[in-house]
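What's counted below: heavy atoms across the whole structure, side chains too, no hydrogens, waters or symmetry copies.
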Amino acid sequence: MTDEAMSPLRRRMIEDMTIRKFAPKTQHDYLQRVKNFAAFLGRSPDAANFEDVRRYQLHLATSGIGVPTLNQSVATLRFFFRVTLKRHDILEHTHFIREPRKLPVVLSPDEVARLLDAAPGLKYKAALSVAYGAGLRASEVVSLKIGDIDSKRMVIRVEQGKGRKDRYVMLSPHLLELLRAWWKAARPQGWLFPGRDRVQPMTTRQLNRACHAAAQMAEINKRVSLHTLRHSFATHLLEAGVDITVVQTLLGHASLRTTAIYADVSCREERAFAARMWRT
């Protein structure tokens with residue numbers, strides 16, 4: 001959309017998000033959600049009243065979408081009315097939904113090994129190995145550059161991860177050896193895992209599809225996604241006796257409560273108890 005064709009309301013919302021350093025994707029998603037709200041109303045969203053917001057939330061709640069998607073829409077509406085329109089009176093009619101707490105799917109070390117061995121090619125094996133071996137999110141894996149691999153300090157630099165924070169994560173000798181093999185085979189420049197055009201990085205969609213394909217080839221009968229490797233990384237560290245605060249730092253969690261869910265998944269205490277019972 002050209003600047004001339006852009007409505008003053010849309011331009012102001014973009015400016016508000018730019019001031020707050022929202023990422024381009026976040027800005028796109030917020031604008032799309034406000035557009036969806038306007039389509040539901042059939043008129044400009046700045047003319048919405050209490051009942052309109054209530055009706056829209058009821059529409060979303062009964063449409064079958066998940067709680068995370070519903071809460072994302074609420075967050076967008078709260079920003080739109082609070083920041084762009086300065087209509088604080090609307091906020092009391094927007095409510096977040098408490099999401100049911102579910103334990104993440106975790107693979108055993110053997111399942112992880114089988115999945116990585118079944119990866120469709122060296123590039124994907126290296127990328128999936130980084131996701132597991134360093135506990136990275138999909139967006140963090142595809143954003144890695146050659147210079148982020150520090151073989152002298154044996155760390156990987158994650159630049160502007162979730163929450164726009166930099167952090168360092170572990171780099172094992174085995175993972176470094178695999179990354180070197182990938183570099184020697186493909187000689188990537190700039191991006192560690194370039195896309196098909198070698199100019200842009202691999203997309204998260206490509207990486208997730210490779211993960212699904214590898215899980216299928218490895219005959220793993222669990223619901224596996226790229227994030228499952230991150231869950232498995234954290235759980236396996238806790239089971240190995242690594243302090244939970246160290247795991248929190250490696251994962252880049254702002255709150256220890258977020259990391260604590262892996263303590264519920266870990267079988268370390270149960271295994272220790274079973275061992276003590278067996279000895280008696």
Side-chain angles (χ1 to χ4, degrees), residues 104-196 198 200-215 217-218 220 224-238 240 242 246-253 259 262:
V105 174
V106 171
L107 302 180
S108 69
D110 176 69
E111 288 173 325
V112 171
R114 283 162 44 203
L115 185 148
L116 296 179
D117 286 340
L122 181 58
K123 177 169 77 170
Y124 290 115
K125 181 176 183 178
L128 294 174
S129 296
V130 169
Y132 171 71
L136 300 193
R137 303 173 178 91
S139 59
E140 295 171 341
V141 174
V142 301
S143 297
L144 288 176
K145 302 179 180 65
I146 299 295
D148 293 330
I149 309 301
D150 190 338
S151 59
K152 293 183 178 179
R153 296 178 59 207
M154 294 303 289
V155 293
I156 299 174
R157 182 173 185 266
V158 180
E159 185 176 0
Q160 296 294 284
K162 188 175 182 179
R164 297 198 292 270
K165 295 179 181 178
D166 294 351
R167 74 181 190 278
Y168 286 98
V169 295
M170 60 174 59
L171 173 63
S172 70
H174 175 73
L175 182 55
L176 176 61
E177 181 180 348
L178 180 59
L179 290 176
R180 281 175 169 166
W182 158 242
W183 186 83
K184 290 178 181 178
R187 301 285 175 171
Q189 302 295 320
W191 302 109
L192 181 58
F193 302 114
R196 294 187 178 92
R198 300 186 66 83
Q200 298 297 321
M202 176 201 309
T203 65
T204 56
R205 183 179 182 183
Q206 289 173 316
L207 185 56
N208 271 295
R209 291 170 82 174
C211 183
H212 293 151
M217 286 293 296
I220 296 174
V224 176
S225 68
L226 197 285
H227 219 67
T228 304
L229 295 177
R230 177 174 161 89
H231 293 322
S232 302
F233 164 82
T235 304
H236 295 166
L237 285 182
L238 289 176
V242 177
V246 175
V247 179
Q248 175 192 2
T249 300
L250 292 172
L251 294 176
H253 286 162
T259 316
Y262 298 111

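Of all heavy-atom pairs spanning H231 and V105, the tightest one is CB-O, 3.7 Å. Residues A234 and V247 come closest through the heavy atom pair CB-CG1, 4.0 Å. Between W191 and Q200, the shortest heavy-atom distance links the atoms CD1-C, 3.9 Å. Here the closest non-hydrogen pair linking L176 and M154 is CD2-SD, 3.8 Å. The two residues L115 and A214 have their closest heavy-atom pair at O-CB, 3.4 Å. Of all heavy-atom pairs between M170 and I156, the closest is O-CD1, 4.1 Å.
R114 places a side-chain N or O within 3.5 Å of a backbone atom of A218 that can act as its donor or acceptor partner. Remark: side-chain polar atoms of W182 are not paired, donor with acceptor, to backbone N or O of P188 under 3.5 angstrom. Between the side chain of S232 and the main chain of L107, a donor-acceptor pair closer than 3.5 Å is present. Although no hydrogens or angles enter the test, the distance criterion places a donor-acceptor pair under 3.5 Å between the side chain of R230 and the main chain of G135. Looking at K123, its side chain does come within 3.5 Å of a backbone N or O of P194 through a donor-acceptor pair.
Partner of V169 under the side-chain contact (heavy atoms from CB on, under 4.5 Å) criterion, out of D148, L251, L136: L136 alone.
Using a cut-off of 4.0 Å between Lys/Arg side-chain N and Asp/Glu carboxylate O, E140 and R137 are scored as salt-bridged. With respect to the salt-bridge test (charged N to carboxylate O, under 4.0 angstrom), the residues R157 and D166 qualify.
Residue Y262 holds its OH atom at 6.5 Å from OG1 of T235, rounded to the nearest 0.5 Å. Residue D150 holds its CG atom at 8.0 Å from NZ of K152, rounded to the nearest 0.5 Å. Separation of atoms CZ (F193) and CG (L207) is listed at 8.5 Å; rounding is to 0.5 Å. To the nearest 0.5 angstrom, L178 atom CG is 4.5 Å from S129 atom OG. Going from atom NE2 of H227 over to atom CG of N208 covers 10.5 Å, rounded to the nearest 0.5 Å. For the atom pair L171 CG and S151 OG, the distance stands at 8.0 Å (nearest 0.5 Å).
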- Query: Does the side chain to side chain contact (heavy atoms under 4.5 Å, CB included) test come out yes or no for M202 and R196, once each step is laid out?
  - Reply: CA-CA 7 Å; M202 176 201 309; R196 294 187 178 92; over 6 Å; no

- Would L128 and L226 count as a side chain to side chain contact (heavy atoms under 4.5 Å, CB included) if you check the C-alpha gap in whole Å, the side-chain angles of each, and the deciding distance to 0.1 Å? CA-CA 8 Å; L128 294 174; L226 197 285; 3.4 Å; yes

- Message: Test side chain to side chain contact (heavy atoms under 4.5 Å, CB included) on V130 and L179; report intermediate values, then the result.
- Response: CA-CA 9 Å; V130 169; L179 290 176; 3.8 Å; yes

- Any chance you could lay out the side chain to side chain contact (heavy atoms under 4.5 Å, CB included) test for V112 and F233, step after step, and finish with the verdict? CA-CA 10 Å; V112 171; F233 164 82; over 6 Å; no

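Ring geometry for Y132 against H236 counts as perpendicular: the plane angle is over 60°, on a 0 to 90° scale with 30° as the lower cut.
Around the CE atom of M217, the shell of radius 6.0 Å holds no more than 12 heavy atoms that belong to other residues, nucleotides or ligands.
Using a 4.5 Å cut-off on side-chain heavy atoms (C-beta onward), H212 and S225 make contact. The closest side-chain heavy-atom distance from V224 to C211 is below 4.5 Å.
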